[in-house]
Structure formats: structure tokens, C-alpha cells
Amino acid sequence: MVSQVKQSKSESKSIIEVLEYCKANGLPARVVGRWVWIKFDDKPSSEIRAGLKAIGFRWSRRRGQWAHNCGHSTRPARNYRPWDKYQTTALDEACQSLGVQV
């Protein structure tokens, strides 16, 4: 089982796979540049947090949000907020433009 966990963590998910997951689970996601960010009003349940971790989301303590890089690594954005610099797209609009159907 440990090898399966390592294998799944090393596999990067495409933005389409991440958006399909968010749409299927009704998560308040938005696309910022090429990353997917999720911000909850309250702390999500342990099942939701486990699901986010399983698909590859990371908790950004500094930003107070869950982030998924969708296979696009970048340098840390210490001097700016990504959603101020890059175009932000709502989940439904991003799914429609990428042809994601759930």
C-alpha cells in the first residue's frame, strides 16, 4: 500500500482531471492561471480533506486555501497574490471552456 501512495503522489493530475473531481464533489474551486484553488468558509470535513490530499491538493497555510498545480510547477509567489496577477476563472466557466463534463 505504501508503494501505491508514493506512486499516486508522484503522478501529476491534469487540470481537466482536477476540475472533474471538483465539479463531481461540488467544491468551490476556481482556476487561477494554470492552478486550481479552493477556499472554504469553514474547515471542511476530514473526508473532504482526505479526498483533496489524495488527488494532489496541498494546503497553503499562508494563503488559507487549498492549491493544486496541475503539473505546472512555479517559483513561490511570495511578493504577490496569484489571483491578483493571473486571470481567475470560476469552476463552471473553466469546465465549459475546457470541455469538462460531469
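Both backbone and side-chain heavy atoms feed into the values below; hydrogens, waters and symmetry mates do not.
Closest of all the heavy-atom pairs between Ala94 and Thr89 is N-CG2, 3.5 Å.
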Q | Step-by-step side chain to side chain contact (heavy atoms under 4.5 Å, CB included) determination, Lys23 to Asp92 | A | CA-CA 8 Å; Lys23 185 88 170 163; Asp92 290 332; 2.3 Å; yes
Q.
Could you walk me through whether Cys22 and Ile38 satisfy the side chain to side chain contact (heavy atoms under 4.5 Å, CB included) test, starting with their C-alpha distance in whole Å, then the side-chain angles of each, then the deciding distance to 0.1 Å, before giving a yes or no?
A. CA-CA 9 Å; Cys22 293; Ile38 299 176; 3.9 Å; yes
Q.
Using the rule given for side chain to side chain contact (heavy atoms under 4.5 Å, CB included), can you reason through Ile48 versus Asn25, listing the C-alpha separation, both sets of side-chain angles and the distance that settles it, and then say yes or no?
A. CA-CA 9 Å; Ile48 292 174; Asn25 290 287; over 6 Å; no
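Within the model, atoms CZ of Arg63 and NZ of Lys39 stand 11.5 Å from one another, a figure rounded to the nearest 0.5 Å. In this structure, CG on Leu19 lies 10.0 Å from NE2 on His68, to the nearest 0.5 angstrom. Atom CH2 of Trp59 sits about 7.5 Å away from atom CD of Gln65, to the nearest 0.5 Å.
Between Lys13 and Tyr21, every side-chain heavy-atom pair lies at or beyond the 4.5 Å cut-off. For the pair Leu91 and Leu27, the minimum side-chain heavy-atom distance is 4.5 Å or more. A 4.5 Å side-chain heavy-atom check between Trp66 and Arg49 finds at least one atom pair inside the cut-off.
For the pair Glu17 (side chain) and Ser14 (backbone), a donor-acceptor distance under 3.5 Å is present.
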